[in-house]
Amino acid sequence: MGSSAAIRELQRDLESKANDLSKLQKDIAKNHQVRKKYTIQLGENELVLKELDLLNEGANVYKLIGPVLVKQDLAEANANVSKRIEYISAELKRLEGTLQDLEEKQNSKKDAIFKLQQRIQSFQAGKAKA
């Protein structure tokens, strides 16, 4: 009877690790979504910066604030867009680091689950022989 209790304990441990793995996979998927959003925003802001570079010094630039277009200085608009690009790039780099960490945790969980499954199978094989 002792071996069946050990198998049940291992199966509970396996279930717990599988739940942890599932949570990690959800976090990775969420990270991918956020990175995709930031990548799109980065592309849009780089395009805006290129468009601003094409303008002459005296050109009128307007910024949409709520339902109102507000006149903005060209240099100020360039600075704002550049700052936004810096921020988005930093966020993308941070998210990349987080993703690598999550993937490492995912791989170690998969390894632990695999080893647990092997132990359960060896217990069951030993029990079947008895």
How long is the gap from [atom1] on [X] to [atom2] on [Y], to the nearest 0.5 Å?
| X | Y | atom1 | atom2 | value |
| --- | --- | --- | --- | --- |
| Leu64 | Leu69 | CG | CG | 5.5 Å |
| Gln124 | Leu10 | CD | CG | 9.5 Å |
| Asn60 | Gln72 | CG | CD | 12.0 Å |
| Leu24 | Asn31 | CG | CG | 11.5 Å |

Do [X] and [Y] belong to the same hydrophobic cluster, where Ile, Leu, Val, Met, Phe, Trp and Tyr are linked whenever their side-chain heavy atoms lie under 4.5 Å apart, directly or via other members?
| X | Y | value |
| --- | --- | --- |
| Val34 | Ile40 | no |
| Leu116 | Phe114 | no |
| Val81 | Tyr62 | no |
| Leu95 | Leu102 | no |
| Ile85 | Tyr87 | yes |

More than 12 foreign heavy atoms under 6.0 Å from CD of Glu15: is that the case here?
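No, CD of Glu15 has 12 or fewer neighbouring heavy atoms, counting only those of other groups under 6.0 Å.
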Contact summary for [X] and [Y], nearest pair of heavy atoms:
| X | Y | answer |
| --- | --- | --- |
| Ile88 | Tyr38 | CG2-O, 3.4 Å |
| Arg35 | Leu92 | O-CD2, 3.6 Å |
| Ala77 | Val61 | CB-CG1, 3.9 Å |

[X] bridged to [Y] by N-O distance under 4.0 Å:
| X | Y | result |
| --- | --- | --- |
| Glu9 | Arg12 | yes |
| Lys115 | Asp111 | no |
| Asp13 | Lys17 | yes |

Lys93 vs Glu96, side chain to side chain contact (heavy atoms under 4.5 Å, CB included): CA-CA, chis, key distance, verdict:
CA-CA 5 Å; Lys93 189 176 273 189; Glu96 185 65 38; 5.6 Å; no
Please answer whether the main-chain N or O of Ala18 pairs with a side-chain N or O of Ser22 as donor and acceptor at a distance below 3.5 Å.
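Judged by distance alone, no pair lies under 3.5 Å.
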Should Gln41 and Lys37 be marked as a side chain to side chain contact (heavy atoms under 4.5 Å, CB included) after you check the CA-CA gap, both sets of side-chain angles, and the distance that decides it?
CA-CA 6 Å; Gln41 286 181 355; Lys37 183 182 89 172; 4.2 Å; yes
Before you tell me yes or no, could you show the steps for Glu91 and Arg94 under salt bridge (charged side-chain N to carboxylate O under 4.0 Å, His left out), namely the whole-Å CA-CA distance, both residues' side-chain angles and the distance that decides it to 0.1 Å?
CA-CA 5 Å; Glu91 279 299 299; Arg94 182 187 66 78; 2.9 Å; yes
Does the side chain of [Y] come within less than 4.5 Å of [X]'s, by heavy atoms?
| X | Y | result |
| --- | --- | --- |
| Lys26 | Lys23 | no |
| Leu54 | Glu51 | yes |
| Gln117 | Leu14 | yes |

Quick one: do Leu42 and Arg84 satisfy side chain to side chain contact (heavy atoms under 4.5 Å, CB included)? Show the steps, please.
CA-CA 8 Å; Leu42 182 63; Arg84 208 173 308 130; over 6 Å; no
Against Gln106, only a single residue in Asp20, Leu21, Asp27 fulfils side-chain contact (heavy atoms from CB on, under 4.5 Å); can you say which?
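With Gln106 as partner, side-chain contact (heavy atoms from CB on, under 4.5 Å) holds for just one option, Leu21.
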Mind running side chain to side chain contact (heavy atoms under 4.5 Å, CB included) on Ile28 and Leu99 for me, showing each step along the way?
CA-CA 6 Å; Ile28 288 171; Leu99 178 65; 3.9 Å; yes
